[in-house]
Amino acid sequence: QVHLVESGGGLVQAGDSLRLSCVASFRTFGVDAMAWFRQGPGEDRVFVASIDWNGGGTDYADSVNDRFEISRDYANNTVYLQMNSLKPEDTAVYYCAAGLRPWNWSSEESASSYTYWGQGTRVTVSS
């Protein structure tokens, strides 16, 4: 069983920064990928960024590339999402997700590929 708990959301102004955290409780040998998704009002849940839990490789959605950075603290089972230069269109509930092995990196942007999800943390960016 994997439990994911996100934190760090809040209300900020355009141009500000936030750092989201996701603390995971799991046996690390079972997880291959961690990711962040977001869901805006009335929208589907969409991919934001992912990280290879063991190797550290990362990938980003085009909409956040060069502004967001995903990272991990392997020793403390924590994944971070550093969000800079925030825009009103970044407003959403942000979810942390864990993908189990065997992992198919070609499906990393599909929410259905991930087995475990956190409860979400809300980010609101005012203009």
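Side chains included, hydrogens not; waters and symmetry mates left out as well; all remaining heavy atoms used. Just so it is clear, the structure is predicted and the values come from calculations on it, not from any experiment.
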Less than 4.5 Å apart, side chain to side chain, heavy atoms only: is that true for W117 and R45?
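A side-chain contact exists here, since the closest heavy-atom pair is under 4.5 Å.
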
Hey, what do you get for [atom1] ([X]) to [atom2] ([Y]), rounding to the nearest 0.5 Å?
X    : Y    : atom1 : atom2 : result
L4   : S25  : CG    : OG    : 7.0 Å
R38  : E89  : CZ    : CD    : 8.0 Å
S126 : L86  : OG    : CG    : 10.5 Å
N54  : D32  : CG    : CG    : 6.0 Å
T115 : R101 : OG1   : CZ    : 12.5 Å

Set of residues satisfying side chain to side chain donor-acceptor pair (under 3.5 Å) with respect to S110, sequence neighbours excluded
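Testing S110 for side chain to side chain donor-acceptor pair (under 3.5 Å), a comparison that skips the adjacent residues, returns S112.
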
Taking side chain to side chain donor-acceptor pair (under 3.5 Å) as the test, write out the residues that go with N84, two or more places apart.
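Result, side chain to side chain donor-acceptor pair (under 3.5 Å) vs N84: S17, Q82.
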
Passes side chain to side chain contact (heavy atoms under 4.5 Å, CB included), V48 versus F68? Steps please.
CA-CA 9 Å; V48 174; F68 290 11; 3.8 Å; yes

Minimum heavy-atom separation for [X] and [Y], please, with both atom names.
X   : Y    : answer
S21 : W36  : O-CH2, 3.7 Å
P88 : S127 : CG-CB, 3.8 Å
A49 : L81  : CB-CD1, 4.3 Å
L18 : G10  : CD1-N, 4.1 Å

Can you name the residues that form a side-chain contact (heavy atoms from CB on, under 4.5 Å) with [X], not counting sequence neighbours?
X    : result
D44  : none
V93  : Y95, R122
E108 : F47, S50, D59, W103, W105, Y114

Assess whether side chain to side chain contact (heavy atoms under 4.5 Å, CB included) is satisfied between I70 and Y60, documenting all intermediate values.
CA-CA 8 Å; I70 188 171; Y60 297 91; 3.5 Å; yes

Shared hydrophobic cluster, [X] / [Y] (ILVMFWY, side-chain heavy atoms < 4.5 Å):
X   : Y    : value
Y80 : V12  : no
V31 : V23  : no
M34 : Y116 : yes

Could you check whether any side-chain N or O of T121 sits under 3.5 Å from a backbone N or O of G9, counting only pairs where one atom can act as donor and the other as acceptor?
yes

When you measure from the side chain of E6 to the backbone N and O of G120, does any donor-acceptor pair fall under 3.5 Å?
yes

Before giving the answer on side chain to side chain contact (heavy atoms under 4.5 Å, CB included), spell out for V123 and M83 the whole-Å C-alpha distance, their side-chain angles and the decisive distance to 0.1 Å.
CA-CA 10 Å; V123 174; M83 306 186 295; 3.9 Å; yes

Would you say the ring centroid of W53 lies under 6.0 angstrom from that of Y74?
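Ring centres of Y74 and W53 closer than 6.0 Å.
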
Regarding N76 and T78, do their side chains bring together a donor and an acceptor under 3.5 Å, going by distance alone?
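Absent: no donor and acceptor within the cut-off.
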
Taking only residues at least two apart or on different chains, which pairs with a member in residues 64-76 satisfy salt bridge (Lys or Arg N to Asp or Glu O under 4.0 Å)?
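Salt bridge (Lys or Arg N to Asp or Glu O under 4.0 Å) check on residues 64-76 returns R67-D90.
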
